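Scroll down for the structure; my scribbles are underneath it.
If you're wondering where the values come from, they're calculated on a predicted model, not measured in any experiment. Proteins get letters first, then strands, A, B, ... in listed order; numbering begins at 1 in each.
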Amino acid sequence: MEIPTRYDSSVESKWYDYWIEKDYFHSVPDDREPYTIVIPPPNVTGKLHMGHMLNNTIQDILIRKARLEAKNACWVPGTDHASIATEAKVVRMLREKGIKKSEITREEFLKYAWEWKEEYGGIILQQLRKLGASCDWERTSFTMDEVRSEHVTKAFVDLYNKGKIYKGLRIINWDPDAKTVLSNEEVIYNDEPGHLYHVRYKIEGSDEYLTIATTRPETILGDTAVAVNPKDERYAHLEGKKVIVPMVNRVVPIVFDRYVDIEFGTGSLKITPAHDPNDYEIGLRHNLEVIDIFNEDGTMSEDAQFYIGKDRFEVRKLITKDLEAGGHLVKIEEYNHSVGRSERTNSVVEPRLSEQWYVHTEELAEPALKSVMEDVIEFFPKNQKNTYRHWLENIRPWTISRQLWWGHRIPAWYLVIDGETKTFVAENENDALKLAIKETGNSDLKLSDLRQDEDALDTWFSSWLWPISVFNGFFDKKEIDYYYPTTVLVTGWDIIFLWVARMIMAGYEWKNEKPFEHVYFTGMVRDKKRRKMSKSLGNSPDALKLIENYGADGVRFGMLSSSPAGGDLLFDDKLVEQGRNFSNKLWNAMRLVKGWEIDDKIETPVENRLAINWMKNRLNQVIEELDGLYEKYKLSEALMTLYKFIWNDFFSWHLEVIKPAYGQPIDRFTLNETIELFETTLTLLHPFMPFVTEEIWHYIKEREDGDDCVVSKYPKAESYDQALLDVVEKVKTIVTKVREVRNSKGLKPKDKLKLYAKKSDSLLELMDSVKISGIKEKILKQAFLSGLELVDSEEIDDTIPFMAANEKFMLESNIEIDIEAEIAKIEKEIIYQKGFVASINKKLSNQGFVNNAPEAVVNMERKKLADGEERIQILKESLKTLKK
RNA sequence: GGGAUCUUAGCUCAGUUGGUUUAGAGCGCUGCCUUGACAGGGCAGAGGUCAUGGGUUCGAAUCCCUUAGAUCCCA
């Protein structure tokens with residue numbers, strides 16, 4: 001049957017099913033060296049996007065390479081419950097059904113949430129299969145499944161008992177949309193346009209006013225002081241005075257605090273301790289009253305006295321008018337300032353005073369910082385180390401409680417005795433009760449006397465245990481001892497604090513060991529205009545559509561071919577198209593090779609032996625290069641090295657030399673050797689393009705059961721003959737030059753012409769090299785020549801002279817050549833060469849250079865000089881003959 | 001405001017501790033080529049005083065400083 005001329009990527013699903021059926025991706029501990037990756041768990045209700053594709057392609061390349069190297073490759077997949085994001089989605093879904101979260105119980109809500117998770121959860125894991133991800137699906141984990149939840153509880157109780165978790169009253173970042181606290185890392189700051197309002201406060205018992213500047217006039221209602229800098233002479237006379245807060249007419253003190261910036265605004269600052277972290281600190285120092293004027297959804301509370309129940313942004317407009325009407329507003333300036341927004345809901349974060357659970361991260365940070373700084377854990381690229389250090393050296397307590405239901409409920413129970421609340425932290429309510437009985441001495445206490453904390457834990461409190469919990473690390477010694485520490489973590493640098501740093505802390509806290517050897521940071525996927533991919537811009541291609549159109553291999557190629565570690569990937573359809581075309585090229589090369597009939601009567605032509613010999617040496621050189629690139633995680637470069645080797649060296653040069661004339665058979669040796677080269681090449685390419693390589697693997701040769709590309713043997717680099725590689729490069733230069741001469745003179749590329757070469761020692765050496773035969777034949781075949789004759793003459797009628805590889809050639813042709821143009825060209829070339837020679841002469845006549853530079857470098861320069869002079873000599877002779 | 005990284009061909013990027021012909025690749029561009037594995041193809045070509053100005057050195061894209069610009073992190 002005819003093989004179609006186009007590769008059809010729809011075979012991909014067939015191969016994925018086949019690999020699964022053969023159980024190639026499953027790992028159990030054995031005697032081999034483990035190679036372990038845990039997936040950065042995507043949100044359970046998420047869909048595959050470009051970022052996932054990049055990230056997971058990289059992991060798959062590494063894990064497949066390890067598998068080919070006969071390591072015990074284990075890639076653990078899973079999903080994250082993503083508490084805020086998922087809860088927000090469920091709330092929205094319920095609202096559409098007409099159900100309000102505030103009107104249902106926690107149990108009812110969780111039931112809906114689990115239903116939602118069962119329906120939409122894990123779609124992304126199915127999509128990863130389309131990409132070719134060779135995960136061990138039997139190990140699929142979820143941060144809220146039973147095993148992972150047990151780890152979370154145990155970790156919380158353990159830290160609490162060690163005194164590393166505590167509850168405290170702080171100014172926190174409040175998300176009024178999600179109605180929960182956020183950690184500092186979940187707040188995104190950006191400069192946004194706003195206004196600076198200048199408002200005057202009357203000084204009590206005086207006609208004087210004090211003008212303050214604020215970006216948030218609505219918080220005036222919660223003011224409990226005005227502050228100025230003690231060094232500010234403008235305000236020195238106000239010591240001991242008080243001001244009257246507009247609207248509410250509250251009399252509050254003027255305090256003197258060094259925090260106030262004399263230069264900024266009017267130099268005096270209104271103080272709202274309940275709604276600004278800095279104000280809160282000042283409030284503590286001066287013992288100020290705290291008035292909370294907001295409800296949890298960002299509307300005004302009773303304590304605000306005005307605008308009760310109205311939204312904070314509406315109030316900002318209203319109060320501006322009222323302040324103006326009351327004669328308090330001095331002026332309004334345009335002003336850009338930094339605004340914090342919730343990473344998940346994008347609502348403007350409200351600083352709020354509240355009681356939350358915290359992890360004492362300072363102690364945990366110490367070993368985590370040390371191991372990265374000392375390269376015990378290696379970062380790729382290295383420059384992320386600075387960012388990491390800066391954060392860990394300035395680490396602040398980690399707020400881990402969230403006012404959410406979807407998540408791990410905090411394992412703390414409260415008992416109120418005589419109006420005083422006692423806290424018991426335990427792995428379950430029965431243990432908590434035992435603790436309570438023990439502490440109170442009251443054996444009549446019942447479970448119903450205890451009340452569990454309503455809050456859930458931050459999602460990251462479960463993900464930081466991921467490298468441990470996916471191996472059931474707190475309970476199963478065999479698994480964790482074998483797979484931990486994992487080999488490499490592949491993730492985006494945007495979660496270096498949220499996730500990477502915390503996993504390292506957890507690793508040292510509970511395993512006293514790093515969680516991974518290496519961290520490979522991927523960049524962001526952007527569009528070609530360098531914009532972030534986002535739904536609102538509509539510039540993010542549909543990942544599955546891309547796979548459908550170009551094949552997973554094509555997409556993988558496109559994602560990888562331009563994405564250095566840590567650098568952003570500027571995504572362009574063109575790249576994916578190039579990947580698809582590459583698949584097609586491989587396919588057609590296979591068709592060519594497969595189409596040849598063997599004839600045992602044919603002796604192997606000498607040029608074929610040379611070609612095979614050259615390919616084998618090149619292959620070893622390439623394997624060596626790849627090893628170095630993999631070691632440095634330069635995967636893009638590794639792919640491009642392979643791409644160029646396969647397309648240029650293997651297909652364009654090698655296949656073209658050995659290709660028999662149309663319809664003619666080939667000798668057995670050449671074909672077998674070529675198939676073997678093809679096979680090795682497929683193994684090398686397999687990690688990047690798993691499907692097309694597997695497909696072709698089964699076409700080029702009959703295969704026994706289990707002889708599959710996915711588990712083939714990755715070749716080891718052997719030594720290669722550099723001299724041979726150099727000789728062939730020279731030959732290629734000569735062939736290329738002949739083609740160029742034909743091209744520029746309008747000669748047909750495939751008309752057989754005769755080539756003459758001026759006899760020289762170097763040329764004789766090249767042609768008659770005893771070790772390597774087939775040089776002449778290769779040149780004849782690839783440059784479409786009828787013959788190659790070495791001559792003593794400088795000048796032959798009806799030829800075009802040219803120079804290649806420092807030798808003089810003459811190509812048969814009876815076309816008229818434009819002598820003037822030829823002369824001009826050669827003269828231009830002579831000028832260039834003279835400049836070249838002069839620059840080297842300058843170097844060599846410099847005693848400093850000759851004395852100080854290494855001998856090899858000086859010799860190299862001498863060689864360059866000799867070559868240059870030789871070229872000038874040849875050019876001058878050509879000029880002489882032309883001018884005759 | 002503090003800190004980090006970066007600036008090489010039209011675009012995206014390589015360029016190992018300073019020394020391999022006067023800087024490489026892929027894409028794009030230009031010309032030529034079509035019964036023959038592949039137009040999702042073949043062959044060849046043009047394109048860069050390595051952001052700027054200084055310095056160190058026998059020698060700088062590479063090390064140091066100035067200036068300009070870009071990106072990111074922290075506050």
Side-chain angles (χ1 to χ4, degrees), chain A residues 3-7 184 189 261 278 338 381 383-391 393-394 493-494 496-497 523-524 528 530 550 554 561-564 566-572 574-575 577-596 628-629 632 634 636-637 639-641 643-644 647-648 651-652 655-656 659-664 735-744 746-750 782 784 806 832-833 835-840 842-854 856-861 863-868 871:
Chain A
I3 304 171
T5 60
R6 293 221 171 149
Y7 170 65
N184 292 321
Y189 291 92
D261 182 354
N278 296 314
S338 171
N383 58 23
Q384 291 292 344
K385 278 168 76 174
N386 285 322
T387 319
Y388 180 85
R389 186 184 62 212
H390 191 258
W391 187 74
E393 282 177 349
N394 298 286
W493 47 258
D494 50 329
I496 185 169
F497 310 135
M524 299 276 114
K528 51 185 161 181
R530 224 175 252 283
Y550 297 97
S561 59
S562 179
S563 90
D568 288 349
L569 165 67
L570 274 55
F571 186 80
D572 185 344
K574 205 87 207 162
L575 296 171
E577 200 180 303
Q578 198 185 348
R580 179 202 58 185
N581 293 353
F582 187 34
S583 295
N584 200 51
K585 185 74 184 179
L586 289 158
W587 177 255
N588 277 293
M590 178 274 288
R591 287 179 64 221
L592 175 68
V593 171
K594 216 178 135 57
W596 290 328
L629 293 170
K632 292 180 222 145
K634 295 194 167 187
S636 291
E637 278 187 62
L639 175 57
M640 288 319 285
T641 299
Y643 175 81
K644 286 183 279 181
W647 200 309
N648 300 335
F651 295 163
S652 294
L655 291 186
E656 289 301 329
K659 190 166 155 183
Y662 180 59
Q664 296 299 305
V735 170
T736 299
K737 199 73 192 179
V738 173
R739 290 168 177 169
E740 188 199 334
V741 169
R742 298 171 96 126
N743 205 342
S744 63
L747 300 171
K748 289 242 165 161
K750 292 187 181 177
Q782 302 216 273
F784 289 92
N806 271 18
Y832 174 85
Q833 293 296 346
F836 171 64
V837 165
S839 80
I840 296 170
K842 196 178 149 202
K843 251 191 212 178
L844 284 171
S845 59
N846 181 336
Q847 281 307 309
F849 174 71
V850 179
N851 294 337
N852 295 321
V857 174
V858 177
N859 285 339
M860 182 63 67
E861 293 300 318
K863 171 85 166 52
K864 274 154 67 175
L865 181 66
D867 284 354
R871 275 195 298 274

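Residue contacts for A:Ser583: at a heavy-atom cut-off of 4.0 Å it reaches no nucleic acid atom on any strand shown. Nucleic acid contact class of A:Lys585 (heavy atoms, under 4.0 Å, all strands): base. Residue A:Lys863 is classed as having no contact, given no heavy-atom separation below 4.0 Å to the nucleic acid. As judged by a 4.0 angstrom heavy-atom cut-off over every strand, A:Arg6 is placed among the base-contacting residues. In this structure, A:Arg389 reaches neither bases nor backbone, as no heavy-atom distance under 4.0 Å exists between it and the strands shown. Within the 4.0 angstrom heavy-atom criterion, base atoms lie near A:Glu656. Here A:Asn852 lies in heavy-atom contact (under 4.0 Å) with a base. Residue contacts shown for A:Tyr643 are limited to sugar-phosphate atoms, with no base heavy atom under 4.0 Å away. Within the nucleic acid shown, A:Trp596 has no heavy atom closer than 4.0 Å to any nucleic acid atom. Residue A:Arg739 is classed as a sugar-phosphate contact, given heavy-atom separations below 4.0 Å to backbone atoms only.
Here the nucleotide nearest the side chain of A:Lys659, chosen from B:G40, B:A37, B:C74, is B:A37. Of the candidates B:G31, B:U20, B:C38, B:G31 carries the atom nearest the A:Asn743 side chain, counting heavy atoms from C-beta on. With distances taken from any side-chain atom of A:Ser652 to the nucleotides B:G40, B:G19, B:C43, the minimum falls on B:C43. Listed candidates were B:U22, B:C58, B:C27. Nearest to the side chain of A:Lys574 is B:C27. The side chain of A:Trp647 approaches B:G42 more closely than any other nucleotide in the set B:C13, B:G40, B:G42. Side-chain proximity of A:Phe849 to the nucleotides B:C38, B:G19, B:U12 is greatest for B:G19. When each of B:G40, B:G19, B:A14 is scored by its nearest atom to the side-chain atoms of A:Lys634, the top-ranked nucleotide is B:A14.
Pairing of B:A75, defined by two Watson-Crick or G-U wobble distances under 3.5 Å, is not identified with any nucleotide. The partner of B:U57 cannot be assigned: no Watson-Crick or G-U wobble pair with both contacts below 3.5 Å exists in any strand. With a cut-off of 3.5 Å on both Watson-Crick or G-U wobble distances, the partner of B:A44 is given as B:U30.
Distances shown here put every side-chain N or O of A:Asn581 at or beyond 4.0 Å from the OP1 or OP2 atom of B:C38.
Two residues, A:Met640 and A:Val850, neighbour RNA chain B, and the one matched to the more 5' nucleotide by heavy-atom proximity is A:Met640.
Using a 30° and 60° split on the angle between ring planes, A:Trp587 and A:Tyr7 fall in the tilted class, from 30° to 60°.
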